[in-house]
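Remarks on the structure that follows.
Since the model is a prediction, treat every value here as computed from it, not as a measurement.
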Amino acid sequence: MTSPWSSEGRAAENDEAEVQLFETGADAASKLDAGSKLDGRNGASTSRRPQTPLPIPQIATVFVLMFANSAVSTAPFPFLPFMVADLGVSLEETGSAVGLIAGARFAGNLLGSWIWGIAADRWGRRPCILLSVGSQCICSLFFAYATSKSLALASFARFLGGALNGAVPACKTYVGEITDATNSGLAMTIITASYGAGLVIGPALGGFLSSPADKYPALDTPVLRAYPYALPMVIVAAMCTVAALLGWIFLEETLDRSKAAKVSTVELVDAKATEGRNPATLSPLPAVCLAWLPRLLHDPTRFTVVLLYVVISIQGIGYDEMYNVWLAAPVEVGGMGYDTNEIGLTLIVYGVVQISVTAVVFQFLERRLGMKLVFQWMAMVTAFGIFATPLIPRAAAALGYGPRSTVTWLALVTTVTISRVSNGITFVVQAVFGNNSVGQLDRGAMNGLSMTIVAAVRSVTPLFFGWTFGVTLGTDRPWPLDSSLTFTMIALVMLHASHICGGLPRSIEQSYNEPT
């Protein structure tokens with residue numbers, strides 16, 4: 001039996017329906033209409049079918065869960081440069097120390113993500129989501145304590161939080177199972193926007209609420225003096241508690257265990273023999289994890305979808321980390337010299353815009369271009385914004401404006417906002433592609449595998465970009481070999497993502513056709 005996503009089955013389609021990157025929007029729309037009349041799962045028309053209403057209680061609950069989970073991950077970003085300085089780290093080593101703490105969480109993700117994904121396929125999506133989000137509350141409080149103790153303890157707290165963080169793959173799988181071909185893109189846009197909002201609001205909390213005893217007289221207490229970076233982590237821990245309670249009330253299990261066919265360990269290793277069946281019902285989790293690898297990646301389309309996630313994630317974590325370090329760095333060494341409040345304000349502004357417009361922009365573009373072209377164009381817009389970020393204060397200085405002037409601030413926030421909205425849309429499209437590349441019984445494992453591979457890369461990405469930024473900071477090298485070099489490298493990574501997406505077949509825009 002030929003797999004629905006086999007390279008042989010897609011060869012003819014690629015020859016007839018592949019859309020070139022720079023073709024006009026009208027041509028793209030006409031080809032999309034011709035190539036997407038049928039839903040890949042059930043043969044129903046999707047090009048003119050009315051959009052199915054979203055299950056609002058479940059979507060809203062997952063929105064809160066993803067928001068809280070994201071805020072936990074990113075709340076430390078603005079105060080990390082100041083925290084490591086308080087722990088005795090020199091200015092030259094700040095980038096590497098910040099990268100160490102950030103990379104520790106992703107190293108934990110590397111250990112736990114795929115196991116969480118397999119567990120979601122074995123025991124269900126709901127228990128994994130609730131356990132994971134609940135554990136983030138405990139790990140956030142641990143990190144709040146560790147911020148004033150040592151770099152090693154803080155890194156371990158972040159590592160533990162990463163290892164126990166399985167909510168993202170389970171939530172992405174859950175959303176794919178409560179939606180259909182007519183509304184999955186909108187649902188994933190909302191959920192990705194919530195995660196993106198957490199990526200912004202989390203750092204905003206970290207910026208405004210760190211060192212509160214120095215900023216707000218009412219909060220000048222001995223505890224907050226002793227633990228100046230604990231308050232934002234306590235707040236996000238409370239958010240996780242609320243999210244877990246909402247999940248307990250509103251989430252219903254979506255895994256259809258009746259489809260799970262028990263297979264032997266020998267069959268597990270044979271990817272083709274187990275296509276469409278659930279091996280997570282028998283073997284111990286480590287054995288199952290190894291067995292899933294050829295099963296999920298023997299197909300080039302699935303491999304490309306995972307690779308796409310890896311590349312855009314390198315860009316995402318690299319930019320999010322280095323942008324905050326760059327804002328905090330002194331002006332005389334190539335930074336902006338912002339304090340934590342100023343960093344938090346810039347993040348809040350583009351976070352509010354991202355929440356407000358991402359879904360609208362995605363739907364407008366997707367209806368006219370199709371998801372592939374949307375990804376490619378948005379990746380290029382993101383790359384341009386990243387490249388332009390460190391050039392804005394230079395251009396402003398040439399016009400006589402300082403780094404804290406209103407003109408400089410508005411230009412910076414506008415550029416970053418456009419870039420981050422575009423970046424959020426690329427994550428939306430990739431998430432839809434991930435769910436479309438496999439059947440229901442493989443979605444948890446597919447999303448968990450993607451998170452695991454991404455975690456492996458993310459665990460070293462902050463260290464690499466942090467080292468690069470530290471080496472170029474304060475030097476008199478000419479552009480682009482100065483402090484702009486890191487941003488230029490990250491922009492090139494995103495351009496590569498646009499190129500990779502061009503190799504996917506148009507069929508990835510449709511739901512997976514389950515084998516019979």
For the pair L373 and Q376, evaluate side-chain contact (heavy atoms from CB on, under 4.5 Å) and give the outcome as yes or no after the intermediate values. CA-CA 5 Å; L373 282 179; Q376 291 178 287; 3.6 Å; yes
Using the side-chain contact (heavy atoms from CB on, under 4.5 Å) rule, take Y323 and L412 through it: C-alpha gap first, then chi angles, then the decisive distance, then the call. CA-CA 11 Å; Y323 176 67; L412 179 65; 4.1 Å; yes
Tell me, with the steps shown, if I312 and F375 meet side-chain contact (heavy atoms from CB on, under 4.5 Å). CA-CA 11 Å; I312 62 176; F375 183 99; 3.6 Å; yes
side-chain contact (heavy atoms from CB on, under 4.5 Å), that's the test. Do V175 and M66 meet it? Break it down for me. CA-CA 11 Å; V175 170; M66 292 284 282; over 6 Å; no
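When all heavy atoms of G402 and S405 are compared, the pair lying nearest together is O-OG, 2.9 Å. Smallest separation of non-hydrogen atoms from C501 and K372: O-CE, 3.4 Å. Closest heavy-atom contact between A75 and M233: CB-SD, 4.1 Å. Across all their heavy atoms, L65 and C171 have their closest contact at CB-SG, 4.5 Å. Nearest heavy atoms, P390 versus I386: CD-O, 3.5 Å. Of all heavy-atom pairs spanning T389 and V416, the tightest one is OG1-CG2, 4.2 Å.
Between the CG atom in L307 and the CD1 atom in I500 there is a gap of 4.0 Å [rounded to 0.5 Å]. Rounding to the nearest 0.5 angstrom, the gap separating the CD1 atom in I490 from the CZ atom in F387 is 13.0 Å. Interatomic distance, CE of M380 versus OG1 of T426, reported as 12.0 Å (0.5 Å rounding). Atom CG of N436 is separated from atom CZ of R302 by 12.0 Å, given to the nearest 0.5 angstrom. Note that CH2 of W409 and CD1 of I392 are 12.0 Å apart. Values are rounded to the nearest 0.5 Å. To the nearest 0.5 angstrom, I129 atom CD1 is 8.5 Å from T173 atom OG1.
Distance alone, capped at 3.5 Å, places no donor-acceptor pair between the T414 side chain and the A411 backbone. Of the possible polar contacts, none joining the E366 side chain to the V374 backbone as a donor-acceptor pair under 3.5 Å is found. The main-chain N or O of F67 is never found under 3.5 Å from a side-chain atom of S70 such that the two would form a donor-acceptor pair. Remark: the backbone N or O of F364 is paired with a side-chain donor or acceptor of R368 at under 3.5 angstrom. Although no hydrogens or angles enter the test, the distance criterion places no donor-acceptor pair under 3.5 Å between the side chain of S150 and the main chain of A146. A donor-acceptor pair under 3.5 Å links the side-chain atoms of E509 to the main chain of M371, judged by distance alone. S140 places no side-chain N or O within 3.5 Å of a backbone atom of A237 that could act as its donor or acceptor partner. Side chain of S419 to main chain of T415: no donor-acceptor pair is present (N/O by atom type, distance under 3.5 Å, no hydrogens or angles).
When side chains are defined from C-beta on, L231 does not count as touching S210, because their heavy atoms never get closer than 4.5 Å. Side-chain contact between L495 and H499 is absent, with no heavy-atom pair separated by less than 4.5 Å. V381 has its side chain out of reach of W377: every pair of non-hydrogen atoms, C-beta onward, lies at least 4.5 Å apart. Proximity of F143 to P76: side-chain heavy atoms (C-beta onward) are separated by under 4.5 Å at one or more points. Within the 4.5 Å cutoff, side-chain heavy atoms of M83 are placed close to those of L87. Residues Y216 and F208 are in side-chain contact: their nearest non-hydrogen atoms beyond the backbone lie under 4.5 Å apart. C240 is not listed as a side-chain neighbour of N69, based on a closest heavy-atom distance of 4.5 Å or more. In this structure, the side chains of F433 and Y309 stay at 4.5 Å or more apart for every pair of heavy atoms.
The aromatic rings of Y229 and F79 lie parallel to each other, their planes meeting at an angle below 30°, with 60° marking the opposite boundary.
Residue-environment remark: CZ (F142) exceeds the threshold of 12 foreign heavy atoms within 6.0 Å. The number of heavy-atom neighbours closer than 6.0 Å to CZ of F384, taken from other residues, nucleotides and ligands shown, is 12 or below.
Residues satisfying the salt bridge (Lys or Arg N to Asp or Glu O under 4.0 Å) criterion with R420, sequence neighbours excluded, are D320.
A donor and an acceptor atom, one from each side chain of Y319 and N423, are nowhere located under 3.5 Å apart.
Figure legend: R158 and F156 shown without cation-pi pairing, the cationic atom not lying both under 6.0 angstrom from the six-membered ring centre and within 45 degrees of its axis.
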